[in-house]
Amino acid sequence: MNPNNSPRVRFAPSPTGYLHVGGARTALFNWLFARHFNGTFILRIEDTDFERSSEAMVDGILEGMRWIGLNWDEGPFFQSQRLSLYQQTAEKLVASRHAYYCFCTKEKLEQRRAQATAAGRPPMYDRRCRSIAPETAAARKSAGEAAAVRFSVPDGGSTAFDDAVFGRVEFANAEIEDFVLLRSDGIPTYHLSVVADDIDMRLTHIIRGADHISNTPKQVLQYRALGAELPVFAHVPLILGPDKTRLSKRHGATSVIAYKDMGIVPEAFRNFLALLGWSPGPGHKDREIFSSDDLIQLFNLDGISKSNAVFDNDKLAWFNTEYIRAYDPERLLPLIQDEWKAAEFTPSRSTGEILAAIDLLKPRARSLKDFATSFRAYFSDDFEYDPAAVTKFLSDPALPVLLEELAARYAAAPEFSEASAEQTLRDFAAEKNIKAGALINGSRVALTGQAVAPSLFAVMAALGKDRVVSRLCAVSKAPTSG
RNA sequence: GGCGCCAUGGUGUAACUGGUUAACACGCCGCCCUCUCAAGGCGGAGAGUUCGGGUUCGAUCCCCGAUGGCGCUACCA
């Protein structure tokens with residue numbers, strides 16, 4: 001409504017890795033917040049660490065964002081292309097005496113740090129360059145001496161901020177070192193670039209991981225020195241692995257794209273992620289399934305919890321089955337087609353047959369992958385028999401003959417429907433004095449290659465008479481003992 | 001080590017400003033269905049809210065301490 005009041009938020013990943021689960025959740029929260037309040041969601045790439053950043057990672061992050069369905073309104077902006085803003089900001093801070101040139105070399109600093117730790121002293125910068133007269137420093141600098149710019153942290157007192165999630169957080173200034181704003185090569189550190197950009201981009205709310213809480217006072221100090229209005233900080237608890245340590249590669253998949261590759265429905269992933277560290281409140285405690293629109297409508301900062309959350313693969317898997325089941329076959333089809341493409345599988349059925357088969361199979365699907373693996377027999381004649389299934393239900397030597405005979409019945413039958421197929425089979429079983437179950441289970445494996453499938457007669461109807469007949473006969477011709 | 005943050009079943013969360021048999025979901029276990037099951041239906045176990053003090057008629061909820069976990073502690077972000 002009022003453009004001046006609408007919030008502006010951002011997701012600011014650094015392209016030193018793919019989009020991981022934690023980053024994705026941060027992005028999601030920002031996106032939900034922006035959408036809920038009709039605000040602006042900005043994507044900013046923090047690539048000021050040239051050593052570790054790469055373009056490929058940027059692409060990976062964008063791909064991840066798109067997969068979860070998080071569209072941004074502005075950007076992506078690249079900090080590497082905004083260097084002059086940071087340099088100007090640093091100069092401004094130096095000019096106002098809030099920052100100073102530091103001529104200590106990286107090697108020297110490391111050395112002193114090592115000494116300090118060895119001596120049991122806190123390894124903070126000793127501020128020695130702070131006492132160099134500004135004129136002297138400027139002269140040395142213009143003479144060509146390499147200099148970093150450090151922020152001049154106030155001597156006493158403390159710096160506090162009111163976090164929307166954690167409440168008031170306070171740090172003694174004595175605990176904050178004179179951090180580097182601008183490296184000696186003119187590239188800004190994170191501390192400077194975030195603040196300069198957040199101010200420049202007129203961000204109103206900073207929603208980010210709780211690992212930034214300790215950095216926040218350094219930023220608050222800069223806002224004040226720059227005379228800028230403080231945004232609202234909202235720190236989000238971290239996502240941990242099952243062993244409650246920080247989620248990392250060693251916990252398995254941590255890249256968002258890995259979940260796509262596992263056959264997860266993007267909306268299921270989003271739903272799962274939204275509920276990690278956030279809850280819609282007591283009015284919705286009996287509900288777990290929330291569409292994107294639901295989430296947008298319900299999302300607010302108050303629902304964010306303070307404690308870290310453990311990533312539970314089982315629960316994600318459950319969300320996935322729920323979404324697959326709830327989606328119409330038409331909606332599932334493009335997702336499944338992606339799987340087929342990835343598996344280099346080409347279905348040989350009409351769209352109508354495909355859609356019907358998807359509808360039949362989806363209650364039993366654990367992931368989209370199933371449609372390209374264990375469900376292949378429904379979409380093509382190019383499929384394999386699961387050895388375990390063959391052993392379990394097709395090992396009786398009498399079966400192949402019986403199934404062939406049954407096939408003949410089907411071939412000769414005037415009609416072929418779910419009901420008639422069942423009738424034919426049961427009559428046949430009674431006639432032969434064998435248990436219908438044995439025939440049904442054997443047929444299931446013969447028709448689908450799997451021990452698990454929907455109701456056999458529904459499967460038969462989906463496959464059609466001709467395929468049922470030929471697959472039933474194929475058992476005796478090509479014994480597929482596993 | 002210093003500083004900061006957090007703490008409800010195995011996991012994610014709920015419990016209005018202190019008063020509930022501490023709720024829901026995932027997972028787990030069992031039973032049913034019977035043509036399979038990773039499907040469906042039904043049921044069950046599992047926390048007295050990390051521990052110890054305090055305030056209060058009464059604490060999951062407020063205060064203090066302990067313990068544990070996590071984060072930060074770079075010319076990384």
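Protein chains get the first letters and strands the later ones, always in sequence-line order, with residue 1 at the start of each. Since this is a predicted model, take the numbers as computed values, not measurements.
The aromatic rings of A:Tyr327 and A:Tyr323 sit perpendicular, their planes meeting at an angle over 60°, well past the 30° parallel limit. Taking the six-membered ring where tryptophan is involved, the planes of A:Phe151 and A:Phe179 are essentially parallel, since the angle between them stays under 30° and well short of 60°.
Going from atom CZ of A:Phe166 over to atom P of B:rG4 covers 15 Å, rounded to whole Å. The separation between A:Leu240 atom CG and B:rG69 atom C1' is 8 Å, rounded to whole Å. In this structure, A:Leu19 places its CG atom 19 Å from P of B:rA77, rounding to the nearest Å. Distance A:Phe311 CZ to B:rA25 P: 21 Å, rounded to the nearest Å. If you measure from atom CG of A:Asp386 to atom C1' of B:rC37, you get 13 Å, rounded to the nearest angstrom. Regarding A:Leu316, its CG atom lies at a distance of 15 Å from the P atom of B:rG12, rounded to whole Å. Between the CG atom of A:Leu273 and the P atom of B:rC26 there is a distance of 19 Å, rounded to whole Å. Computed from coordinates, the A:Lys362 NZ to B:rG40 P distance equals 13 Å when rounded to whole Å.
Contact check, A:Ser443 against B:rC35: no side-chain N or O comes under 4.0 Å of OP1 or OP2. Close to B:rG40, at under 4.0 Å from its OP1 or OP2, lies a side-chain N or O of A:Arg325. Regarding contacts with the backbone of B:rC76, a side-chain N or O of A:Lys106 is found under 4.0 angstrom from either OP1 or OP2. A:Arg444 has no side-chain polar atom (N or O) that falls below the 4.0 Å cut-off from OP1 or OP2 of B:rU34. OP1 or OP2 of B:rU13 lies within a sub-4.0 Å distance of a side-chain N or O belonging to A:Ser305. Side-chain N/O atoms of A:Arg287 include none lying less than 4.0 angstrom from OP1 or OP2 on B:rA25.
Nucleic acid contact class of A:Pro122 (heavy atoms, under 4.0 Å, all strands): none. At a threshold of 4.0 angstrom between heavy atoms, the contacts of A:Phe272 with the nucleic acid are absent. Across all strands, A:Glu288 comes closer than 4.0 Å to base atoms (heavy-atom distances). Looking at heavy-atom distances under 4.0 Å, A:Pro280 makes no contact with the nucleic acid at all. Residue-level contact check: A:Gly277 touches the backbone only, with heavy atoms under 4.0 Å from sugar-phosphate atoms and none from bases. Looking at heavy-atom distances under 4.0 Å, A:Glu177 makes contact with sugar-phosphate atoms alone, never a base.
The side chain of A:Lys392 sits closest to B:rC37 out of B:rG12, B:rC37, B:rC24. Of the candidate nucleotides B:rG12, B:rG71, B:rC37, B:rG71 has the atom nearest to the side chain of A:Arg246. With distances taken from any side-chain atom of A:Asp312 to the nucleotides B:rG71, B:rA39, B:rC26, the minimum falls on B:rC26. The side chain of A:Trp318 sits closest to B:rC26 out of B:rC5, B:rC26, B:rA77. Of the candidates B:rU36, B:rC3, B:rC70, B:rC70 carries the atom nearest the A:Leu238 side chain, counting heavy atoms from C-beta on. For A:Asn215, whose side chain is taken as the heavy atoms from C-beta onward, the closest listed nucleotide among B:rA77, B:rC75, B:rU36 is B:rA77. Side-chain proximity of A:Thr189 to the nucleotides B:rA77, B:rG71, B:rA25 is greatest for B:rA77. Of the candidates B:rC75, B:rU11, B:rG27, B:rC75 carries the atom nearest the A:Arg183 side chain, counting heavy atoms from C-beta on. Checking B:rG1, B:rA14, B:rC35 against the side-chain heavy atoms of A:Pro123 singles out B:rG1 as nearest.
With P as the reference atom, B:rG19 and B:rG65 are 25 Å apart, rounded to whole Å. Rounded to a whole angstrom, the distance from the C1' atom of B:rA7 to that of B:rU13 is 14 Å. Between B:rC76 and B:rA66, the two C1' atoms lie 35 Å apart (nearest whole Å). Taking atom P in both B:rC51 and B:rU67, one finds a spacing of 16 Å when rounded to whole Å. Only the P atoms considered, B:rA47 is 27 Å distant from B:rG41, to the nearest whole Å. Taking atom P on both nucleotides, B:rG69 is separated from B:rA74 by 22 Å, rounded to a whole Å.
Between A:Ser279 and A:Ser307, the residue anchored closer to the 5' end of RNA chain B is A:Ser307, taking for each the nucleotide with the nearest heavy atom. Map A:Arg25 and A:Phe103 each onto its nearest nucleotide of RNA chain B; the residue landing nearer the 5' end is A:Arg25.
A ring pair (Phe, Tyr, Trp, His ring centres under 6.0 Å) with A:Tyr259 is found for one member of A:Phe311, A:Phe272, A:Tyr18 and no other, namely A:Phe311.
No cation-pi contact links A:Arg168 to A:Phe161, judged by a cut-off of 6.0 Å to the six-membered ring centre and 45° from its axis. Seen from the ring of A:Tyr101, A:Arg140 does not count as a face-on cation partner, given the 6.0 Å and 45° thresholds.
A side-chain donor-acceptor contact under 3.5 Å links A:Arg208 and A:Thr216.
Taking the six-membered ring for Trp and the full ring otherwise, A:Phe383 and A:Tyr378 have centroids separated by 6.0 Å or more.
For a distance-only test at 3.5 Å, the side chain of A:Ser184 qualifies as a donor-acceptor partner of the base of B:rC75.
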